[in-house]
Amino acid sequence: MLTIWVLGWFVLLPSEYQRLGKEIVSGSLFSLNIQMAFENGYFHAIAQMKPLLHLWSLGVEEQYYFIWPIVILVALRLRSLYKISVVLLIASFILNVVLIRWHSNLTFYLMPTRFWELLLGGMLSIAEQRGWNWAAMTGRLSRPLGALVGGGALATVLATAALLSEHAPFPGWWALIPTLTAVAIIAVGPHHPVAVKVLGNRPAVLMGRISYPLYLWHWPLLALAAMITGGHTSPVARMVIVVIAMILSWMTWRWVERPAQAGLPRLVGSRNQVLAGLAALCLVAGIGTWTWAAHGYPWRVKSTEASIPQAQIARDVGDSMWNALGESNDQACVKSRFADGAGVDYCRLTSPSPRIAIIGDSHANHLVPGLVALHDPFLSRVVQISFGGCASFGGMIEYQHSAQPVAKACYRANKRFLDEIIKDKSITTVMFSYYVLNYLNKGLGLYPAPTKALSFEGRIRLVEKTLSKTIARLQAAGKHVVIIVDDPGILKPPQDCIYRRRFSRLLGGDSAHHCRMTYATAMSMAKYELWTIARLRAKNPGLTVVNLPKLICAKDGKCPYIIDGKLIYRDSNHLSLDGSVIVARMIRKDLAPVLGKLSRLRAVGQATEAVR
């Protein structure tokens, strides 16, 4: 952890370094699994850029080692160790299978749902203590059966590794396969000739000896490289990193692990050893706390773009900074008639009588700070409710989340939101803004209807059909509908463009190329969105379109990520706080004729009401 902390000093941005400090604290206290349980999933792209993510399993293990001895002492007093172990194993497995359907993240990370996996090993040990062994059970057939069972187990492990994907509900029932095969291999032991030949040769034994240090070293180095290159580390660079991790692992085994093991008989029970271990943990936890409290030491960052103030980099880049400065829910919105206390990702209400409602996902939410900052009597009176990865109209949701609880919550919350928009007479304009590429590229489904994977053309048709139906309903209620064509983005986190470019090139990334988005590329990426919008305009007359790529990209054909010395993105596709303000000004200018017309119509309507 200290090594990663030192490396992070040179390559991580303040928000990333602050998060690393938090992970160091949790890792030192063997509770990182609890922290991760309430953050992104293990297979999420963001999770794969957390340098200490792999320590979650150590948290589960240490929590198990704390509870299991207590269980043994109680069970021995009751003289029912085996029965109690079986009951706990079954209870943990059932909890795992049931909870995976509703809270996959909690099921993956928390100890109670993984207890049964570790307990299987404990029960195998109990069986051996009672005199059970493979040879006694199988007699002369032990070696043939061992070859059959052990060989099948090895093949199953390899097949599972090849077939199991991040979309499978893991652990759940899937976890039985690798767990039981591991138990089988251990149980067969020396009666497994395949394992003796495959796993008993010198290179394999050496790999086994350094396996634990390799587990500790490989992930942080690969994760740091992924952060530096924005996930575009070259295959050659990854291979070099793995080799470096293996060398460091051998050094750790040779000069740390072996000396510690050799000295254990003499040191076990030593008060000094315990105190030294606690002091080391406190030191590491203190460094993590210090880093966390200092907000990642913003003064470390030196930008390659002289026009961007260091303070803005520390403030704007990364989700955590955005959340701290106003992206998250405000209580006035959560308690309003629009949300009615529903748990949503984003909820903003800037006026008791909003003029504009924004429908979409996180790309609807990132427009709000800029619109509010305009202090416009019309555009700044906003209500916006949305979920990440959920388009918020007609039950559209990213396909990989279609079976998750978020689909149900998103559908219900946004159905209510749409109903309230239609009933609310103060709302005259409805904007649609969502991350189109997310749904067209990753897959799209509908909730609550049964979903299945759709072709690319099928996803486009679904977007058109669902959006057209929603627009027609809003227009029938007298609402003016505006569609925001998605911002061009830069395909790469801005920190790789302004800060880590030299490191990125070293690891095979090409930040400079990905920071030079052209208007032609942006329009090419948006062509299916624009094609769909053209068809929607034909079906729904009066529809207004704001083309953000056209507004953001310069006349020379380049789409900048820095405007007037301000960084306009906080990641590869979401606007920063300054970017939100800049884009809001562009939207106001583009909508000026429409807003003027709406203002005149509103004035006529108010005069008519007064006459009546």
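Between the side chain of Ser362 and the main chain of Gly388, no donor-acceptor pair closer than 3.5 Å is present. Of the possible polar contacts, none joining the Gln475 side chain to the Val481 backbone as a donor-acceptor pair under 3.5 Å is found. Here the side chain of Asn105 pairs a donor or acceptor atom with the backbone of Ala37 at under 3.5 angstrom. At distances below 3.5 Å, at least one donor-acceptor pair connects side-chain atoms of Asp571 with backbone N or O atoms of Asn573. Side-chain atoms of Lys479 come within 3.5 Å of backbone N or O of Ile421 as a donor-acceptor pair.
Residues Leu467 and Tyr434 form a side-chain contact, since some pair of their non-hydrogen atoms from C-beta on lies under 4.5 Å apart. Between Leu536 and Ile471, some side-chain heavy-atom pair lies under the 4.5 Å cut-off. Met227 has its side chain out of reach of Thr233: every pair of non-hydrogen atoms, C-beta onward, lies at least 4.5 Å apart. Thr107 places none of its side-chain heavy atoms less than 4.5 Å from the side chain of Phe170. Counting heavy atoms from C-beta on, the side chains of Ile552 and Ile568 come closer than 4.5 Å. A 4.5 Å side-chain heavy-atom check between Met431 and Gln384 finds every atom pair outside the cut-off. Gln18 places none of its side-chain heavy atoms less than 4.5 Å from the side chain of Thr291.
Ring planes of Phe338 and Phe417: perpendicular class, angle over 60° (limits at 30 and 60°). Using cut-offs of 30° and 60° for the angle between ring planes, the Tyr109 and Trp56 rings count as perpendicular.
Atom CZ of Arg585 sits about 10.5 Å away from atom OG of Ser580, to the nearest 0.5 Å. Leu567 CG to Leu577 CG: the interatomic distance, rounded to the nearest 0.5 Å, is 11.0 Å. With values rounded to the nearest 0.5 angstrom, Leu371 atom CG is found 6.5 Å from Ile356 atom CD1.
Residues passing the salt bridge (Lys or Arg N to Asp or Glu O under 4.0 Å) test with Asp376, sequence neighbours excluded: Arg588. With sequence neighbours excluded, the residues that form a ring pair (Phe, Tyr, Trp, His ring centres under 6.0 Å) with Tyr528 are Phe456. Shown here are the salt bridge (Lys or Arg N to Asp or Glu O under 4.0 Å) partners of Asp419, two or more places apart in sequence or in another chain: Lys415, Arg473.
Under the side-chain contact (heavy atoms from CB on, under 4.5 Å) test applied with Ile358, the options Val482, Val382, Val383 reduce to a single match, Val382. When each of Phe10, Trp292, Trp9 is paired with Tyr297, the ring pair (Phe, Tyr, Trp, His ring centres under 6.0 Å) condition holds for Trp9 and for no other. Here the options are Asn365, Val368, Ile359, the test is side-chain contact (heavy atoms from CB on, under 4.5 Å), and the partner is Ser386; only Asn365 passes.
In terms of heavy-atom proximity, Pro549 sits nearest to Ala522 at CB-CB, 4.3 Å.
Using modelled atom types, one finds a donor on one side chain and an acceptor on the other under 3.5 Å when comparing His480 with Thr544. When only modelled atom types and interatomic distance are considered, Thr518 and Thr521 share a side-chain donor-acceptor pair under 3.5 Å. In summary, the side chains of Ser26 and Gln35 do present a donor paired with an acceptor at a separation below 3.5 Å, with no hydrogens or angles considered. A donor-acceptor contact closer than 3.5 angstrom links the side chains of Asp424 and Ser426.
By the 6.0 Å contact criterion, NZ on Lys465 is open, its count of non-hydrogen atoms from other residues, nucleotides or ligands being 12 or less. Atom NZ of Lys550 sits in a sparse spot, with 12 or fewer heavy atoms from other residues, nucleotides or ligands closer than 6.0 Å.
Between Glu420 and Lys423 there is a salt bridge, with a side-chain nitrogen of the basic residue lying less than 4.0 Å from a carboxylate oxygen of the acidic one.
Ring centroid separation for the pair His363 and Tyr435 comes in under the 6.0 Å cut-off.
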Quiz item: Can you check side-chain contact (heavy atoms from CB on, under 4.5 Å) on Ser353 and Arg381, steps first, answer last?
Solution: CA-CA 7 Å; Ser353 301; Arg381 295 172 64 177; 3.4 Å; yes
